[in-house]
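Input: a single structure, listed below in structure tokens.
So you know, we letter chains A, B, ... as the sequences are listed, proteins then strands, and number each from 1. Only a predicted model underlies this, so the values are computations on that prediction, with no experimental measurement involved.
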Number of protein chains: 2
Amino acid sequence: MASGDLTLSILGLLGEGPMHGYELKARIHRLSGHLRPVSDGALYPAITRLEKSGLVERHEEEGAGAARRQVLTLTDAGRAELLRRLREPADLDISDQTRFFGLLTFLSQLPRRADRAEVLRRRLAFLETPASFFYEEDRPLRAEEVPDPFHRGMLLIARATGDAEKRWLRETLAELES
Amino acid sequence: MASGDLTLSILGLLGEGPMHGYELKARIHRLSGHLRPVSDGALYPAITRLEKSGLVERHEEEGAGAARRQVLTLTDAGRAELLRRLREPADLDISDQTRFFGLLTFLSQLPRRADRAEVLRRRLAFLETPASFFYEEDRPLRAEEVPDPFHRGMLLIARATGDAEKRWLRETLAELES
DNA sequence: GCTAGCATGTAAACGGTTACATGATTAG
DNA sequence: CTAATCATGTAACCGTTTACATGCTAGC
């Protein structure tokens with residue numbers, strides 16, 4: 001889990017309703033766990049940090065299976081922070097696909113349609129900027145121009161990915177703006 | 001730059017020839033810098049670690065522009081470590097696209113064709129395993145089944161990406177095996 | 001005289017990984 | 001009775017981010 005992602009995931013999931021740490025762990029695991037499992041050593045300290053900064057509240061409850069549960073609820077400040085992170089994502093959240101997907105997972109929680117559209121517009125603008133992994137004197141090289149077969153693959157895949165995503169972004173923006 | 005990536009990038013670039021830290025920084029920046037710029041505070045300590053573990057050697061040289069340069073060269077142990085990382089990548093390097101691209105960037109340096117093919121085969125096997133970001137009782141959901149428009153986008157994009165990559169992997173494997 | 005680029009470094013704060021630790025309940 | 005699942009936590013280690021620090025040369 002890339003830095004910062006975990007906090008957004010916790011806030012985003014709690015934005016859908018209160019739950020305890022163990023359930024957060026299971027939900028995060030389903031969302032992105034095949035890539036990078038959440039460890040207890042990351043999750044529980046992250047919850048403690050959120051509690052200390054007043055974004056999350058704890059209420060002890062009897063465990064369904066066994067032990068006592070710490071049911072977590074977003075405070076008003078926590079919800080405000082979640083919406084702020086969704087409305088004004090960092091550049092890195094826009095440029096890195098994994099992180100952008102983290103945003104998309106919870107974007108429906110942004111109440112204003114115009115705010116949701118603006119996030120998609122930023123991603124589209126990023127994808128429309130010419131870029132490559134390889135350059136010749138600052139000119140981005142296209143797949144056809146690189147001799148290394150694996151480099152060519154990277155560019156072919158990146159192009160297909162970018163095209164698919166741009167198509168979806170344009171369609172979805174058209175719907176949001178209608 | 002996700003953890004571990006930086007070390008591979010340094011080893012991989014030095015595998016193409018000796019260079020000093022500042023040039024490494026510029027080359028890494030072109031490869032992935034639009035996503036996550038390399039900071040000096042990550043790069044120079046990483047070089048020091050590689051030197052201490054005997055994977056890299058330093059030779060001082062006069063700087064072309066100004067200051068003295070520390071030209072870095074891979075040792076035999078360093079080249080062995082680079083090849084080991086390319087030949088036997090961690091699961092995370094196979095499952096995360098960003099990390100897999102890090103592998104592809106340097107994969108041509110693997111001398112044995114069979115080893116290069118094996119890395120592609122592992123990635124293909126991962127992509128052929130059914131997976132989703134969303135589940136209903138452990139069954140991965142398809143784009144058509146999820147109501148949230150942003151979740152649907154994630155699945156549509158992931159499918160297009162996966163299809164393009166699988167096509168390229170199969171073609172390239174066929175060439176490598178002929 | 002100043003700014004941009006070349007070139008290398010250190011230190012504090014932060015967060016993640018891995019391993020360790022505990023304890024209760026349920027199903028085989 | 002014992003393994004799996006539920007449930008939460010701590011501590012050492014490691015690497016990254018951010019900020020700070022230095023100093024030289026070339027062009028305006």
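- Between A:F134 and A:H151, the two ring planes are parallel [angle under 30°; tilted spans 30° to 60°].
- Look at CD1 on B:I47: it is 15 Å from C1' on D:dG15, rounded to the nearest Å.
- Counting to the nearest Å, the P atom of C:dT8 and the NE2 atom of B:H20 are 5 Å from each other.
- Between A:E23 atom CD and D:dA7 atom P there is a gap of 9 Å when expressed in whole angstrom units.
- Every residue two or more places apart in sequence or in another chain was checked for a ring-ring contact (aromatic ring centres under 6.0 Å, His included) with A:F150, and none qualifies.
- Distance B:K25 NZ to C:dG9 P: 12 Å, rounded to the nearest Å.
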A:E60 vs A:Q70, side-chain hydrogen bond (donor to acceptor under 3.5 Å, both in side chains): CA-CA, chis, key distance, verdict: CA-CA 5 Å; A:E60 191 133 332; A:Q70 312 281 317; 2.9 Å; yes

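- Residues passing the salt bridge (Lys or Arg N to Asp or Glu O under 4.0 Å) test with B:R116, sequence neighbours excluded: none.
- B:G41 comes within 4.0 angstrom of a nucleotide base, judged by non-hydrogen atoms across all strands.
- Residue A:P45 places its side chain closer to D:dT10 than to any other of D:dT10, C:dG16, D:dG9.
- Atom pair B:D40:CG and C:dC6:C1' shows a separation of 11 Å (rounding to whole Å applied).
- Not a single ring-ring contact (aromatic ring centres under 6.0 Å, His included) links A:H20 to another residue, sequence neighbours left out.
- As rounded to whole Å, 13 Å separates atom P of D:dA4 from atom OH of A:Y22.
- For A:D138, the side chain to side chain donor-acceptor pair (under 3.5 Å) test picks out B:R30, with sequence neighbours left out.
- Nearest-nucleotide positions on DNA chain D place A:Y44 closer to the 5' end than the other of B:L43 and A:Y44.
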Could you go through nucleotides 12-14 of chain C and list every protein N or O atom that sits under 3.5 Å from one of its N or O atoms, giving the distance for each pair?
none

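- The side chain of A:S39 contributes no N or O atom lying less than 4.0 Å from OP1 or OP2 of C:dT18.
- The phosphate of C:dA7 (OP1 or OP2) has a side-chain N or O of B:R69 nearer than 4.0 angstrom.
- With sequence neighbours excluded, no residue forms a salt bridge (Lys or Arg N to Asp or Glu O under 4.0 Å) with A:R79.
- Rounded to whole Å, atom P of C:dT17 lies 12 Å from atom CG of B:D96.
- As a whole-Å value, the separation of A:E60 CD from D:dC6 C1' is 15 Å.
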